[in-house]
Amino acid sequence: MPAELPFAEILLMAGALAVAGLVVGYLAGLLGIGGGGISVPILYEVFGLAGVDDAVRMHLAVGTSLAVILPTSLRSFTLHRRRGAVDMEVLRTVGPGVLLGTMAGILIAKEVDGTVLKIVFVAVAFLMALKLLSGADRWQLGAVLPGSIARLGLGVVTGVASALNGIGGGAFITSFMTLYGRPMLPALATASGIGPIIALPGVIGYAWAGFGNPALPFGSLGYVSLIGATFVIPSSLMAASWGVRSAHYFSRRVLELAFATFMILVGTRFLLSLVG
């Protein structure tokens with residue numbers, strides 16, 4: 001962070017990141033998502049307050065979000081699997097496509113500017129919100145999940161979209177499984193296993209893509225802010241276990257609606273920054 005920032009402002013930003021970590025971790029455990037829909041916009045605003053150059057600000061938010069998703073989603077997946085809720089067969093067939101898509105998304109992100117990343121984020125945010133608001137888990141395309149080719153394709157799309165947005169991809173997998181009649185709890189538990197597959201190559205890729213960029217602030221490893229991740233990850237890990245417990249005992253509909261509202265607000269915020 002720049003030295004000229006007032007101490008009180010630094011404390012405010014640190015507190016905002018810690019609170020963001022609590023929300024990210026809780027939703028990661030509850031909804032099987034990585035939490036990037038929350039961490040990316042908050043990191044983006046905090047980096048703006050810290051004086052980060054707009055040319056690298058969105059890339060830094062996305063890369064740092066992936067660094068947060070890695071331990072948080074791994075924690076969520078471990079807890080869900082311990083409770084026997086994860087469908088490992090689905091994870092094994094979707095996972096390779098996710099890995100391929102993530103690597104492709106990183107290469108795309110290296111070549112595009114922050115405006116493109118904002119556009120993709122807005123599109124994904126509104127699509128996720130629409131799905132949650134509509135209660136689309138009640139819709140079904142069939143009673144049996146498609147075969148390996150369709151799952152590979154889903155994985156590729158999930159990986160590309162997640163790498164460009166700094167999200168864990170869980171919403172895509174959850175939607176896919178529920179559209180084919182799988183119960184919500186196993187769907188979100190299985191989706192939690194996608195986060196580490198996306199986040200590990202994502203962090204490495206964003207660190208590589210931004211390596212040596214002179215516009216990056218102190219404490220950055222390429223497009224990954226080690227300072228930002230340090231403030232978010234501890235509270236995120238702590239809250240992930242709370243989310244997993246809630247997922248196994250409480251109704252999720254109210255929280256789905258709340259998360260959809262948040263995604264609309266976030267998408268609108270980025271949309272206004274694009275047109276303004």
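Just so it is clear, the values below take in all heavy atoms, side chains as well, and ignore hydrogens, waters and symmetry mates.
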Checklist entry - So Arg75 and Met238, side-chain contact (heavy atoms from CB on, under 4.5 Å) or not? Walk me through it. => result CA-CA 9 Å; Arg75 169 76 170 159; Met238 179 175 64; over 6 Å; no

Next on the checklist: Go through it in stages, so that I can follow the logic: the residues are Met103 and Leu107, the test is side-chain contact (heavy atoms from CB on, under 4.5 Å), and I'd like the CA-CA distance, side-chain angles, deciding distance and then a yes or no.
Outcome noted: CA-CA 6 Å; Met103 292 188 290; Leu107 294 175; 5.8 Å; no

Next on the checklist: Any non-hydrogen side-chain atom of Ile204 less than 4.5 Å from a side-chain atom of Ile106?
Outcome noted: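 Not touching, per the 4.5 Å side-chain cut-off.
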
Checklist entry - Is any side-chain heavy atom of Val86 less than 4.5 Å from a side-chain heavy atom of Pro186? => result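 Val86 vs Pro186: side chains apart.
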
How many angstroms lie between [atom1] in [X] and [atom2] in [Y], if you round to the nearest 0.5 Å?
X	Y	atom1	atom2	value
Leu22	Ser235	CG	OG	4.5 Å
Phe47	Ile42	CZ	CD1	11.5 Å
Phe126	Thr268	CZ	OG1	4.0 Å
Leu133	Ile264	CG	CD1	4.5 Å
Leu60	Asp53	CG	CG	11.0 Å
Met177	Leu154	CE	CG	10.5 Å

At their closest point, which heavy atom of [X] faces which heavy atom of [Y], and how far apart are they?
X	Y	answer
Val122	Leu271	CG2-N, 3.8 Å
Ala104	Val160	CB-CG2, 4.2 Å
Val90	Thr93	O-OG1, 3.0 Å
Ala240	Thr72	CB-O, 4.3 Å
Gly195	Ser73	C-OG, 3.4 Å
Ser192	His80	OG-CD2, 3.9 Å

Same apolar cluster: [X] and [Y], side chain cutoff 4.5 Å:
X	Y	answer
Phe77	Val244	no
Val40	Leu70	no
Leu200	Leu100	no
Leu66	Phe231	yes
Val232	Val19	no

Checklist entry - Would you say Arg57's side chain and Tyr44's backbone share a donor-acceptor pair under 3.5 angstrom? => result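 Side chain of Arg57 to backbone of Tyr44: a pair is present.
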
Item to check | Sequence-distant partners of Arg151, salt bridge (charged side-chain N to carboxylate O under 4.0 Å, His left out), two or more places apart | outcome: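 Testing Arg151 for salt bridge (charged side-chain N to carboxylate O under 4.0 Å, His left out), a comparison that skips the adjacent residues, returns Glu89.
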
Could you list the donor-acceptor pairs under 3.5 angstrom formed between side-chain atoms of residues 216-227 and any protein atom two or more places apart in sequence or on another chain?
unit_1, atom_1, unit_2, atom_2, d
Ser220, OG, Pro217, O, 3.0
Tyr223, OH, Asn213, ND2, 3.4
Ser225, OG, Gly228, N, 3.0

Item to check | Verdict with reasoning, Ile198 to Thr158, per side-chain contact (heavy atoms from CB on, under 4.5 Å) | outcome: CA-CA 9 Å; Ile198 293 169; Thr158 299; 4.2 Å; yes

Next on the checklist: Assess the residue pair Ser246 and Tyr26 against the criterion (side-chain contact (heavy atoms from CB on, under 4.5 Å)); give the C-alpha distance rounded to whole Å, side-chain angles, the decisive distance to 0.1 Å, and a yes or no.
Outcome noted: CA-CA 9 Å; Ser246 297; Tyr26 184 77; 2.8 Å; yes

